[in-house]
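Okay, so here's the structure we're looking at.
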Amino acid sequence: MSASSPGPFFLTNTLTRRKEEFKPLRPPHVGLYVCGPTVYSDVHLGNVRSFLTFDVLYRWLTQLGYKVRYVRNITDVGHLVDDVDHGEDKIAKRARLEQLEPMEIVQKYTNGFHDVMRLFNILPPSIEPTATGHLIEQIEMVKRILASGYGYEANGSVYFDVPSFAEKHPYGELSGRKIDELLTNTRDTEGMDEKRSPLDFAIWKKAEPQHLMKWPSPWGEGFPGWHLECSAMSTKYLGQTFDIHGGGMDLKFPHHECEIAQSVAADGQAPVRYWMHGNMLTVNGRKMAKSEGNGFTPEELLTGNHKLLEKGYSAMTVRFFMLQCHYASTLDFSNAAMQASEKGLERLMKAMTLLPKLKASDADEADIAALEQRCHAAMNDDLNTPVMIAELFEAVRIINSVNDGKLNLTTTSIEKLHGLMHTMVHEVLGLRAEAADAKGEDNALDALVGECIRLRVEAKGRKDFATSDAIRDRLAAIGIILKDTKEGTTWERA
RNA sequence: GGUCACGUGGCCGAGGGGCUAGGCAGAGGUCUGCAAAACCUCGUACAGCGGUUCGACUCCGCUCGUGACCUCCA
């Protein structure tokens with residue numbers, strides 16, 4: 001951590017619906033659990049936004065000096081496609097369609113997921129457990145829930161008894177539901193269910209003979225319930241009570257609510273101290289979702305090969321675009337907004353490249369320490385990246401002004417500014433320079449453009465502006481932009 | 001239908017009872033042979049109607065609009 005005190009960190013706890021100061025259970029350690037992807041299809045941009053939110057949280061906690069154990073699971077089994085009874089495992093369904101082994105599907109989309117995470121510079125978690133790798137832990141948890149009296153077996157499946165649990169414990173606290181309201185609003189009209197109450201949920205599900213992914217258990221062949229893996233794995237790696245649990249808004253109910261109930265039933269304590277929920281990415285005002293068919297994959301995004309995209313956008317542009325909005329607000333994707341972010345990011349990154357070249361003077365005409373304070377304050381205020389970015393643009397102004405010789409900074413201040421920008425832009429926001437400005441790698445091209453520039457300088461010397469402009473225009477036509485400065489002419493790619 | 005959010009200037013998006021958000025686009029200016037870049041200046045926006053208040057875009061109520069969850073979903 002830098003010398004200046006980062007101050008207390010506040011985050012919105014969705015359990016209490018309030019902004020609270022974050023105090024870890026066992027400092028300096030922090031336990032963080034985030035719901036990962038279900039690996040049965042390509043991740044889309046909406047998924048990326050969620051993982052990005054918690055990536056920034058992870059980065060900021062690390063920056064604050066905490067030792068974070070960050071657990072993000074891979075769901076490779078268990079979620080059903082249809083309604084309960086005739087449900088089919090999503091992964092099994094996909095496997096049949098593609099004539100592949102279920103684990104082949106899992107591997108394929110897990111690899112794809114990791115590629116996407118790398119593309120967007122989203123850091124890997126400390127532990128990335130899979131549901132299939134923790135069958136024993138899940139079965140043990142089912143046993144503990146049965147022992148507590150809040151589970152019951154029916155026809156080879158085990159269900160969580162929500163109404164009886166709710167008599168003794170709060171249920172619906174996280175999502176603001178009330179048992180009786182839930183009951184009146186249930187659409188489930190079928191009476192043939194083996195569940196005692198429509199609110200009950202499966203913690204172990206009996207597998208039909210044709211079911212591909214199944215494991216032996218005390219209740220017969222089956223597979224774990226939808227919500228169980230997160231409870232089992234977070235308990236295993238972070239303990240019965242841990243600091244922060246994150247996920248998308250849409251997981252609040254029932255998924256996270258069920259996690260709380262399971263943990264309380266199995267181990268007698270609330271599992272999570274701070275719940276955090278990221279909001280949705282929307283397209284034309286609607287949630288981006290697989291089921292809506294309005295998502296695009298990173299590949300489509302990069303190439304622009306999608307009906308919703310006017311052109312391609314880089315991963316860093318998207319990352320920056322998302323960070324310009326607070327994680328708890330919905331964010332609407334649009335081409336105009338993307339193009340605005342593309343330009344803004346370009347200006348920010350260009351200023352970054354100027355930092356090492358700044359010339360120092362004796363006077364100090366900007367307060368870098370105050371700027372740093374404001375950056376910290378923004379992040380400490382519930383990860384307010386949009387405000388932090390606004391401060392960064394103040395820094396951009398300072399950098400450009402110093403570069404133009406219009407503003408003075410001492411060596412100390414320049415170094416401080418350099419450090420601050422590096423930390424905030426690269427380490428906290430996770431923005432990295434993109435391949436586009438690797439132009440210097442091609443020495444031949446550099447020499448070639450250099451020759452053109454020299455020819456143009458000669459023409460200018462003769463006041464032959466027709467020739468000098470022609471050189472500039474023709475280079476521009478092939479994507480080489482010339483810029484005249486006091487120190488001479490520079491070039492860059494369009 | 002139930003629950004909960006949100007509605008900010010041309011666009012995207014912060015904010016918070018009185019004090020500049022920021023980005024992009026646009027207008028004017030400085031610099032430049034001309035451009036580009038950079039820098040400076042500018043628009044006085046907070047869905048509507050009431051209420052609380054010395055004062056509300058910010059608090060409360062209602063209306064309208066949009067969305068999320070209630071079923072797998074980041």
Side-chain angles (χ1 to χ4, degrees), chain A residues 17 34-38 40-41 43-54 75 78-84 87 90 172 175-178 180-188 226 246-255 277-282 285-292 295 320-321 324-326 328-348 350-351 354 378 381 384-394 396-397 399-401 403-407 460 463-465 468-469 472-473 476 481-486 489-490 492:
Chain A
R17 271 151 267 229
V34 173
C35 291
T38 305
Y40 65 94
S41 68
V43 288
H44 63 246
L45 227 48
N47 302 309
V48 169
R49 154 116 116 138
S50 185
F51 298 124
L52 171 63
T53 293
F54 299 106
T75 297
H79 289 208
L80 302 177
V81 160
D82 302 323
D83 208 0
V84 234
K90 263 182 184 169
S175 55
R177 319 266 153 157
K178 294 184 177 64
D180 29 319
E181 283 172 1
L182 281 170
L183 280 168
T184 25
N185 291 322
T186 313
R187 294 176 187 167
D188 193 353
W226 317 331
M249 278 292 211
D250 47 358
L251 295 181
K252 219 167 164 183
F253 189 88
H255 185 60
H277 290 93
N279 217 135
M280 301 291 108
L281 179 70
T282 62
R286 302 203 155 259
K287 173 183 171 183
M288 183 181 282
K290 282 162 189 166
S291 52
E292 293 261 350
F320 183 67
F321 164 71
Q324 276 181 297
C325 170
H326 187 80
S329 302
T330 54
L331 171 63
D332 197 56
F333 182 94
S334 72
N335 283 280
M338 285 303 300
Q339 276 154 38
S341 290
E342 189 172 57
K343 292 264 179 68
L345 176 63
E346 200 180 319
R347 195 154 81 87
L348 176 65
K350 207 178 271 181
L354 291 175
D381 183 13
N384 200 328
T385 52
V387 167
M388 211 270 264
I389 288 171
E391 299 299 344
L392 257 26
F393 277 103
E394 168 69 13
V396 167
R397 225 197 72 242
I399 293 166
N400 286 329
S401 295
N403 185 241
D404 285 354
K406 291 171 183 163
L407 189 79
K460 278 170 66 167
K463 300 243 189 267
D464 179 4
F465 296 122
S468 72
D469 287 353
R472 184 174 59 196
D473 293 346
I481 308 298
L482 300 188
K483 288 180 185 173
D484 295 335
T485 70
K486 283 185 186 126
T489 302
T490 62
E492 63 188 44

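All values derive from a computational prediction rather than experimental measurement. Letters A, B, ... are given to chains in the order of the sequence lines, protein chains preceding strands, and every chain is numbered from 1.
- A:R397 has a side-chain polar atom (N or O) that falls below the 4.0 Å cut-off from OP1 or OP2 of B:C40.
- Nucleotide B:C12 holds its P atom 11 Å from the CG atom of A:L331, rounded to whole Å.
- Every residue two or more places apart in sequence or in another chain that forms a salt bridge (Lys or Arg N to Asp or Glu O under 4.0 Å) with A:E394 is listed here: A:R397.
- For the pair A:W226/A:H255, no side-chain contact is recorded, criterion being any heavy-atom separation below 4.5 Å from C-beta on.
- Whole-Å rounding puts the A:L348 CG to B:A37 P distance at 17 Å.
- Here A:S468 lies in heavy-atom contact (under 4.0 Å) with a base.
- Residue-to-nucleotide proximity on RNA chain B shows that, of A:F253 and A:A390, the 5′-proximal contact is made by A:A390.
- Nearer the 5' end of RNA chain B, as judged by each residue's closest nucleotide, is the contact made by A:V387, out of A:V387 and A:L45.
- Looking at residues two or more places apart in sequence or on another chain, you find no salt bridge (Lys or Arg N to Asp or Glu O under 4.0 Å) involving A:K252.
- Partners of A:D250 according to the side-chain hydrogen bond (donor to acceptor under 3.5 Å, both in side chains) rule, which considers only residues two or more places apart in sequence or in another chain, are A:K287.
- Rounded to the nearest Å, the gap between the C1' atom of B:C31 and that of B:A37 is 11 Å.
- The separation between A:M249 atom CE and B:C72 atom P is 19 Å, rounded to whole Å.
- Here the NE2-CG distance, from A:H44 to A:L281, works out to 7.5 Å after rounding to the nearest 0.5 Å.
- When distances are taken from the side chain of A:S329 to each of B:A14, B:C39, B:C12, the shortest belongs to B:A14.
- Remark: A:D332 pairs with A:T282 by the side-chain hydrogen bond (donor to acceptor under 3.5 Å, both in side chains) rule, at least two apart or across chains.
- B:C59 and B:C54 have their C1' atoms separated by 16 Å, with the value rounded to a whole Å.
- Comparing B:G61 with B:U52, their C1' atoms sit 11 Å apart, to the nearest whole Å.
- A donor N or O paired with an acceptor N or O is found under 3.5 Å between the base of B:C73 and the side-chain atoms of A:K287.
- OP1 and OP2 of B:A74 both lie 4.0 Å or more from every side-chain N or O belonging to A:K252.
- In this structure, NZ in A:K460 is found 5.0 Å from OG1 in A:T489, a value given to the nearest 0.5 Å.
- The separation of B:C69 from B:C42, taken at their C1' atoms, amounts to 44 Å, rounded to a whole angstrom.
- B:G17 and B:A27 are spaced 37 Å apart, taking the P atom of each and rounding to whole Å.
- B:A45 and B:G10 have their P atoms separated by 10 Å, given to the nearest Å.
- For A:K343, there are no salt bridge (Lys or Arg N to Asp or Glu O under 4.0 Å) partners at least two apart in sequence or on another chain.
- Side-chain proximity of A:N47 to the nucleotides B:A74, B:C39, B:A14 is greatest for B:A74.
- Applying the side-chain hydrogen bond (donor to acceptor under 3.5 Å, both in side chains) test to A:S175 and every residue at least two apart in sequence or in another chain returns A:E257.
- Under the side-chain contact (heavy atoms from CB on, under 4.5 Å) criterion, A:A337 pairs with A:F321, A:S334, sequence neighbours left out.
- Remark: A:D381 pairs with A:K19 by the side-chain hydrogen bond (donor to acceptor under 3.5 Å, both in side chains) rule, at least two apart or across chains.
- A:R49 has its CZ atom 15 Å from the P atom of B:A74, to the nearest Å.
- Phosphate contact (OP1/OP2 of B:A5, side-chain N/O of A:N279, threshold under 4.0 Å): absent.
- Look at CD1 on A:I399: it is 15 Å from C1' on B:A37, rounded to the nearest Å.
- In terms of phosphate contacts, A:N400 brings no side-chain nitrogen or oxygen within less than 4.0 Å of OP1 or OP2 of B:A38.
- Separating the NE2 atom of A:H326 from the P atom of B:A5 is a distance of 15 Å, rounded to the nearest angstrom.
- One interatomic measurement links the two molecules: NZ of A:K406 to C1' of B:G29, which rounds to 11 Å at whole-angstrom precision.
- Side-chain contact between A:K290 and A:Y40 is present, with heavy atoms from C-beta onward closer than 4.5 Å.
- For the pair A:I389 CD1 and B:C12 P, the computed distance is 18 Å after rounding to whole Å.
- Listed candidates were B:A74, B:C12, B:C69. Nearest to the side chain of A:K290 is B:A74.
- Within residues 338-347 of chain A, the residues approached by RNA chain B to less than 4.0 Å at the level of any non-hydrogen atom are A:A340, A:K343, A:G344, A:R347, in residue-number order.
- If you check every strand for non-hydrogen atoms under 4.0 Å, A:G247 touches sugar and phosphate atoms only.
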Where do N or O atoms of nucleotides 64-66 of chain B meet protein N or O atoms at under 3.5 Å, pair by pair?
none

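- Interatomic distance, A:E391 CD to A:N384 CG, rounded to the nearest 0.5 Å: 10.0 Å.
- Partners of A:K178 under the salt bridge (Lys or Arg N to Asp or Glu O under 4.0 Å) rule, at least two apart in sequence or in another chain, do not exist in this structure.
- Rounded to whole Å, the P atom of B:A74 lies 37 Å from the corresponding atom of B:U58.
- Among the nucleotides B:A21, B:A74, B:G22, the one closest to any side-chain atom of A:F393 is B:G22.
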Quiz item: Which dot-bracket string describes RNA chain B (Watson-Crick N1-N3 plus N6-O4 or O6-N4, or G-U N1-O2 and O6-N3, all under 3.5 Å; [ ] crossing; | other strand)?
Solution: (((((((..(((.....[...))).(((((.......)))))....(((((..]....))))))))))))....
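- B:G15 sits 22 Å from B:A56 when the P atoms are compared, rounded to a whole Å.
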